[in-house]
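Down below is the structure, laid out as structure tokens.
Proteins come first, then strands; the chains are lettered A, B, ... in the order of their sequence lines, and each starts at number 1.
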There are 2 protein chains.
Amino acid sequence: MAHETSKDAITEDEIAGTAPTASSSASPARNAFSALMAPKRKAAPPSPKPAKKKYNKDMRDGLDDYILHPETYSSSRVIYYGSAFVAINDLYPKSSVHTLLLPRTEHKDMHPFDAFDDPAFLAAVREQVKKLRHIVGKELQSRYGPYSKQDIPREKVLNGEVEPAEDGVLPVGRDWDKEVMAGIHAHPSMNHLHVHVLSVDRYSECLKHRKHYNSFATEFFVPIEDFPLAKDDERRHGHDLKQDMKCWRCGMNFGNKFAKLKEHLAEEFKEWRKE
Amino acid sequence: MAHETSKDAITEDEIAGTAPTASSSASPARNAFSALMAPKRKAAPPSPKPAKKKYNKDMRDGLDDYILHPETYSSSRVIYYGSAFVAINDLYPKSSVHTLLLPRTEHKDMHPFDAFDDPAFLAAVREQVKKLRHIVGKELQSRYGPYSKQDIPREKVLNGEVEPAEDGVLPVGRDWDKEVMAGIHAHPSMNHLHVHVLSVDRYSECLKHRKHYNSFATEFFVPIEDFPLAKDDERRHGHDLKQDMKCWRCGMNFGNKFAKLKEHLAEEFKEWRKE
DNA sequence: GAATCATAAC
DNA sequence: GAATCATAAC
């Protein structure tokens with residue numbers, strides 16, 4: 001079950017939570033002002049490069065190719081893979097770091113509520129989640145450590161401002177793994193079973209409307225720790241993604257004011273980094 | 001006509017092209033993970049602070065208060081003001097730096113096409129535009145000089161890597177004023193006459209749909225240099241904000257693919273900075 | 001799922 | 001003008 005190929009590289013760009021695909025064609029530098037209104041260049045490329053995408057007849061099968069051909073993806077997309085699991089960066093991250101754990105085994109097509117009734121499978125997933133959580137945690141430390149109060153002693157050693165300990169071990173610093181949440185959606189949008197493993201910030205350009213937010217900020221999101229789910233657990237059925245939006249960090253209620261929430265999340269993100 | 005009060009400060013936050021109002025209430029730092037789903041805090045603030053906003057019965061009069069009471073605004077909003085003009089930072093910037101020049105004189109309620117038929121008024125506006133353009137240019141230099149090829153010699157002196165010249169004058173560097181566009185919309189959205197003075201990048205979170213982009217990237221935007229407008233100038237009438245979106249810098253046609261354009265603009269922004 | 005478009009209500 | 005909501009077409 002374990003024994004995954006080690007390919008942990010997460011590149012800045014892909015995981016940045018900015019634009020999904022960066023089809024970068026460095027355009028010839030022209031004087032911006034002279035080109036202002038009507039670019040006089042003769043043959044401008046007629047349309048944006050089609051983002052090289054795999055064809056799926058059902059959009060709900062968008063994750064299938066990752067478990068079928070994980071080796072065909074860049075290390076910025078597929079974080080690691082093994083015989084039983086593939087870990088990827090979400091194509092449309094809803095937090096600044098947002099990964100998915102995809103099982104390659106027979107449980108993959110089941111609803112997670114049912115799949116996690118199998119204790120062996122659940123145990124295997126938990127092990128992978130722990131691993132992936134740590135990868136995400138290290139990424140957070142790498143990005144936000146320089147802003148973190150708890151990481152100051154560690155950063156000082158890293159910066160050479162303070163001598164390392166005799167044993168060469170860095171100060172531990174902030175427990176970034178604790179800033180990572182892992183779970184599944186009560187009503188998954190993709191057929192293939194996927195566990196979301198993401199930073200708690202919910203700070204991303206790809207988070208664009210209420211359902212995006214609430215699917216990671218209400219009971220719609222079921223933490224992996226809560227499985228196996230009781231038969232009468234309410235989350236097996238009802239879910240209301242149209243409910244008021246509330247800040248994950250301070251609880252402030254934004255009603256249906258998504259734009260206001262987004263502003264607020266940017267502020268909370270900066271405060272959160274500082275902890 | 002001239003002789004404006006000098007209040008040129010443009011603060012990072014306000015002009016950043018990010019969120020409009022930053023109502024920052026530093027929330028008590030809680031453990032993010034423990035607070036994940038259901039903040040247990042007793043009395044969470046019930047709703048976001050209403051952004052202290054002046055009431056206007058007609059939304060098209062949103063600029064009036066700036067000329068009536070420019071002194072009541074922070075220096076991050078009102079850049080400078082005098083007896084005849086007020087310069088402000090646009091509340092919803094469509095470029096990384098986006099300012100507005102507002103006349104306080106009798107021409108203020110006319111359509112700019114007509115107002116600029118008055119040579120004296122046009123001359124006064126031109127003078128102000130030149131001033132404001134330079135303020136914007138200096139802001140661009142301050143922000144993006146460190147990324148600019150043409151500004152390398154200047155930056156090296158600023159960084160102390162190279163000795164200043166004997167006369168103490170910095171290398172001139174990039175002509176950032178040339179990266180600023182100034183003009184008016186063929187069909188202004190606000191009643192009060194306003195001249196847009198903005199960086200050419202059109203890189204801003206507030207740029208959210210096709211009409212936003214095209215209103216600053218087609219003939220809908222009439223440069224101040226083009227006035228007075230000929231009686232038969234086509235721009236006096238037709239305008240099509242629904243036309244295909246084309247990159248201001250390389251001319252690439254994005255059709256109606258706004259999301260793709262946005263990605264591209266982010267790339268072009270970085271290339272543009274480097275010039 | 002993403003994304004474009006049209007439409008109220010402010 | 002901004003912003004929420006609903007709705008095709010992919």
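Under the 4.0 Å criterion applied to side-chain N and carboxylate O atoms, A:Asp201 and A:Arg249 are not assigned as salt-bridge partners.
A:Met59 has its CE atom 12 Å from the P atom of D:dC10, to the nearest Å. Here the P atom of nucleotide C:dA2 and the CD atom of A:Glu205 are 14 Å apart, to the nearest Å. Rounded to whole angstrom, the span from the CG atom of B:Leu91 across to the P atom of C:dC10 amounts to 20 Å. Between the C1' atom of C:dA6 and the NZ atom of B:Lys242 lies a distance of 8 Å, rounded to the nearest Å. Following rounding to the nearest Å, A:His98 (NE2) and C:dA2 (C1') show an atom-to-atom distance of 15 Å. Note: NZ (A:Lys260) to C1' (C:dC10) measures 12 Å, nearest angstrom. The interatomic distance linking A:Phe258 (CZ) with C:dC10 (P) rounds to 22 Å, in whole Å. In this structure, B:His209 places its NE2 atom 13 Å from C1' of C:dT7, rounding to the nearest Å.
At least one donor-acceptor pair under 3.5 Å links the side chain of B:Arg143 to the backbone N or O of B:Ser96. A donor-acceptor pair under 3.5 Å links the side-chain atoms of A:Thr99 to the main chain of A:Val197, judged by distance alone.
Aromatic ring centres of B:Phe216 and B:His98: separated by under 6.0 Å.
Among the nucleotides C:dT4, D:dC10, D:dT4, the one closest to any side-chain atom of A:Ala259 is D:dT4.
In this structure, B:Lys208 does not reach the C:dA3 phosphate: none of its side-chain N or O atoms is under 4.0 Å from OP1 or OP2. Distances shown here put a side-chain N or O of A:Arg210 below 4.0 Å from the OP1 or OP2 atom of D:dC5. An OP1 or OP2 oxygen of C:dA3 is reached within less than 4.0 angstrom by no side-chain nitrogen or oxygen of B:Lys257. Using a 4.0 Å cut-off, no side-chain N or O of A:Asn256 falls inside it from OP1 or OP2 of D:dA3.
A:His212 comes within 4.0 angstrom of sugar-phosphate atoms only, judged by non-hydrogen atoms across all strands, and of no base. Contacts of A:Lys211 with the nucleic acid, taken as non-hydrogen atoms under 4.0 Å apart, are absent. Note on B:Lys262: nothing from the nucleic acid sits closer than 4.0 angstrom, heavy atoms only.
Under 3.5 Å, the side chains of B:Glu179 and B:Trp272 contain a donor-acceptor pair of N or O atoms.
Nucleotide C:dA2 is matched to nothing when pairs are restricted to Watson-Crick or G-U wobble geometry with both distances under 3.5 angstrom.
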